[in-house]
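Accompanying notes for the structure given below.
So you know, we letter chains A, B, ... as the sequences are listed, proteins then strands, and number each from 1. Note that this is a predicted model, so its numbers are computed, not measured. Computed from heavy atoms alone, side chains included, the values below leave out hydrogens, waters and symmetry copies.
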There are 2 protein chains.
Amino acid sequence: MKLTDLQQEFVLHFGEMGSRWGINRTVGQIYAVLFLSAEPLHAEQIVERVGCSRSNVSMALKELQSWNLVRLKHLPDDRRDYFTTPADLWEIVRTLVAERKKREIDPTLTKLRELQWREPDTDADAHAHARIAELGTLIELLVGWYEDMDRLETARLVQLFALGARIQKFVGDAEAVVPRLKGRRSAAREG
Amino acid sequence: MKLTDLQQEFVLHFGEMGSRWGINRTVGQIYAVLFLSAEPLHAEQIVERVGCSRSNVSMALKELQSWNLVRLKHLPDDRRDYFTTPADLWEIVRTLVAERKKREIDPTLTKLRELQWREPDTDADAHAHARIAELGTLIELLVGWYEDMDRLETARLVQLFALGARIQKFVGDAEAVVPRLKGRRSAAREG
DNA sequence: CAGTAATTTCAGGAATTTCTGAAATCAACT
DNA sequence: AGTTGATTTCAGAAATTCCTGAAATTACTG
């Protein structure tokens with residue numbers, strides 16, 4: 001089956017965006033095809049739709065699997081591998097964020113912590129050392145927030161995002177009632 | 001001036017991470033050098049520190065400027081361009097998120113909206129069309145939340161991130177008092 | 001305007017990434 | 001074990017990205 005114009009355009013767009021998203025064109029296109037398809041697809045069907053070589057599809061699927069972005073399925077009496085993307089878009093978002101964090105943030109956080117152990121050698125190092133520490137603290141704050149959010153049920157997550165800045169109002173109110181909220185942070189997190 | 005071991009290691013790390021972050025090694029290294037430096041640096045000083053060609057530094061700085069990640073300074077009686085990164089890390093985070101959104105999200109959102117106009121051609125298209133619409137809605141929700149957050153003062157932002165999941169408690173409470181919060185969303189956003 | 005210092009541009013070479021077809025591997029069935 | 005069909009691996013070709021040195025440009029100075 002060939003793609004409709006609508007689908008074609010979506011697929012080509014994902015291919016073009018691929019490089020900005022840190023994946024290559026084929027991977028982007030294949031993901032798009034799977035994302036749009038109502039049915040799981042096997043490799044040969046993907047070849048038809050994106051028009052690249054069979055081996056390229058194989059490699060791209062491996063890449064998508066390493067990102068946990070596709071699921072492998074099997075049909076009865078058919079030994080081919082079929083692939084899909086999750087129906088739930090929030091699951092996709094969670095996966096995407098988790099994987100990007102793992103690849104783009106975690107190695108740096110590890111390195112920053114490692115560098116913080118070092119005593120600053122020289123005077124000029126003092127500033128650099130402080131800067132590294134500050135960056136580490138900031139990233140830890142953001143990662144901690146993310147981990148908190150990731151634990152929430154999707155319904156709750158949607159609610160918070162939909163609230164947007166109006167969340168502030170509640171926090172402001174609550175702070176008046178429960179002062180020194182910040183001080184309680186680490187204790188509360190451990191629970 | 002050569003870099004200390006501490007600085008060298010940080011700079012090399014940023015160079016290596018560059019490809020995962022969608023920038024090249026030189027750009028990553030130069031950013032790292034500027035980030036650590038207590039003083040603004042001119043191009044020749046950067047060449048000394050990262051050990052690449054003068055022209056490469058020029059191109060990399062242009063790239064960093066296109067990301068708004070560096071600031072240009074001038075010293076009295078010195079016509080060279082000096083570069084720094086903002087002292088405030090939250091400003092850096094804001095810039096980074098804004099630029100990544102601009103490059104990685106906005107073009108796709110535009111495309112999705114464009115494709116939603118199209119009538120689904122065939123039956124198979126119906127599913128694809130629905131999927132595209134769903135994705136558009138999700139991204140709009142996330143972008144709306146981001147824009148809301150971006151309007152907040154940094155102190156407020158830090159407060160919210162530090163709260164993490166405990167924010168939920170307040171929202172839950174508030175909902176009991178002000179029901180049908182969701183329905184009020186669009187009206188409130190326009191304010 | 002000539003001279004000088006700083007920066008930018010750019011053609012082409014180096015390095016890296018992506019893609020392909022052929023061969024190898026794997027797994028189910030006889 | 002042998003056959004068939006699906007998938008993976010991999011060496012090298014193709015494409016892309018990155019980097020350099022030389023030349024051009026910009027902008028200040030005397």
Side-chain angles (χ1 to χ4, degrees), chain A residues 11-12 14-34 39-67 69-84 103-104, chain B residues 11-12 14-34 39-67 69-84 103-104:
Chain A
V11 168
L12 292 179
F14 266 53
E16 286 162 18
M17 293 300 288
S19 56
R20 301 193 189 187
W21 296 337
I23 57 177
N24 67 41
R25 191 179 54 224
T26 308
V27 172
Q29 290 181 348
I30 290 178
Y31 185 80
V33 162
L34 294 175
E39 310 294 333
L41 301 176
H42 60 71
E44 209 56 61
Q45 292 174 314
I46 296 171
V47 168
E48 283 173 22
R49 282 162 173 77
V50 318
C52 68
S53 73
R54 178 67 186 73
S55 58
N56 201 359
V57 168
S58 177
M59 289 189 300
L61 286 170
K62 221 178 65 172
E63 168 95 354
L64 285 170
Q65 283 178 287
S66 84
W67 280 80
L69 281 172
V70 296
R71 304 210 168 311
L72 180 58
K73 297 230 166 171
H74 283 105
L75 300 185
D77 292 328
D78 187 339
R79 53 207 249 216
R80 289 169 294 189
D81 293 339
Y82 284 78
F83 295 89
T84 39
R103 289 153 205 253
E104 299 180 13
Chain B
V11 168
L12 292 179
F14 265 54
E16 285 162 18
M17 293 300 287
S19 56
R20 302 193 189 187
W21 296 335
I23 57 177
N24 67 40
R25 191 179 55 225
T26 309
V27 172
Q29 290 181 349
I30 290 178
Y31 185 80
V33 162
L34 294 175
E39 311 294 332
L41 301 176
H42 60 72
E44 210 55 63
Q45 292 173 313
I46 296 171
V47 168
E48 283 173 19
R49 283 163 173 75
V50 317
C52 68
S53 74
R54 178 66 186 73
S55 57
N56 200 0
V57 168
S58 177
M59 291 189 298
L61 286 170
K62 221 180 64 172
E63 167 96 354
L64 284 170
Q65 283 176 287
S66 84
W67 280 81
L69 282 171
V70 296
R71 304 210 167 309
L72 180 58
K73 298 232 165 173
H74 283 107
L75 301 186
D77 293 328
D78 187 339
R79 55 207 246 210
R80 288 170 295 189
D81 294 339
Y82 284 78
F83 295 88
T84 40
R103 289 153 204 253
E104 299 181 12

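In this structure, A:L41 atom CG and D:dA6 atom P are separated by 15 Å, rounded to whole Å. At whole-Å resolution of the value, CG in B:D81 and P in C:dA5 are 17 Å apart. Atom CD1 in A:I23 sits about 14 Å away from atom C1' in C:dT17, given to the nearest Å. For the pair A:Q45 CD and D:dA6 C1', the computed distance is 14 Å after rounding to whole Å. The nearest whole Å value for the distance from the CD1 atom in B:I30 to the C1' atom in C:dT7 is 14 Å. Rounded to whole Å, the distance from NE2 on B:H42 to P on D:dA27 is 20 Å. Atom CZ in B:R80 sits about 18 Å away from atom P in C:dT4, given to the nearest Å. Taking atom CD on B:E63 and atom C1' on C:dT8, their separation rounds to 15 Å, with Å as the unit.
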List the steps, then state whether side chain to side chain donor-acceptor pair (under 3.5 Å) holds for A:H42 with A:D81.
-> CA-CA 6 Å; A:H42 60 71; A:D81 293 339; over 6 Å; no
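Screening residues 16-26 of chain B for side-chain hydrogen bond (donor to acceptor under 3.5 Å, both in side chains) gives B:T26-B:N56 as the qualifying pairs, with residues at least two apart or on separate chains.
Side-chain atoms of A:V70 and A:T84, non-hydrogen and from C-beta on, never get closer than 4.5 Å to each other. Side-chain contact check for B:M59 versus B:E63: every heavy-atom pair is 4.5 Å or farther apart. Side chains of A:F83 and A:L41 form no contact here, defined as non-hydrogen atoms less than 4.5 Å apart. A:R49 is not listed as a side-chain neighbour of A:V11, based on a closest heavy-atom distance of 4.5 Å or more. The closest side-chain heavy-atom distance from A:L34 to A:L69 is not below 4.5 Å.
Overall bending of the helix from C:dC1-D:dG30 to C:dT30-D:dA1, expressed as the angle between end axes built from five pairs apiece, is 20° (10° steps).
A close approach under 4.0 Å does occur between a side-chain nitrogen or oxygen of B:R25 and OP1 or OP2 of D:dC19. OP1 or OP2 of D:dT9 has at least one side-chain nitrogen or oxygen of A:K62 nearer than 4.0 Å.
The heavy-atom pair separating B:M17 from A:R103 by the smallest distance is CE-O, 3.4 Å.
For B:N24, the side-chain atoms get nearest to D:dC18 when compared with the rest of D:dC18, C:dC19, C:dA6.
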Contact pattern, 5' to 3', of nucleotides 20-30 of chain C - B, S or - by protein heavy atom under 4.0 Å | BB-----B---
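A:S66 OG to A:L61 CG: the interatomic distance, rounded to the nearest 0.5 Å, is 11.0 Å.
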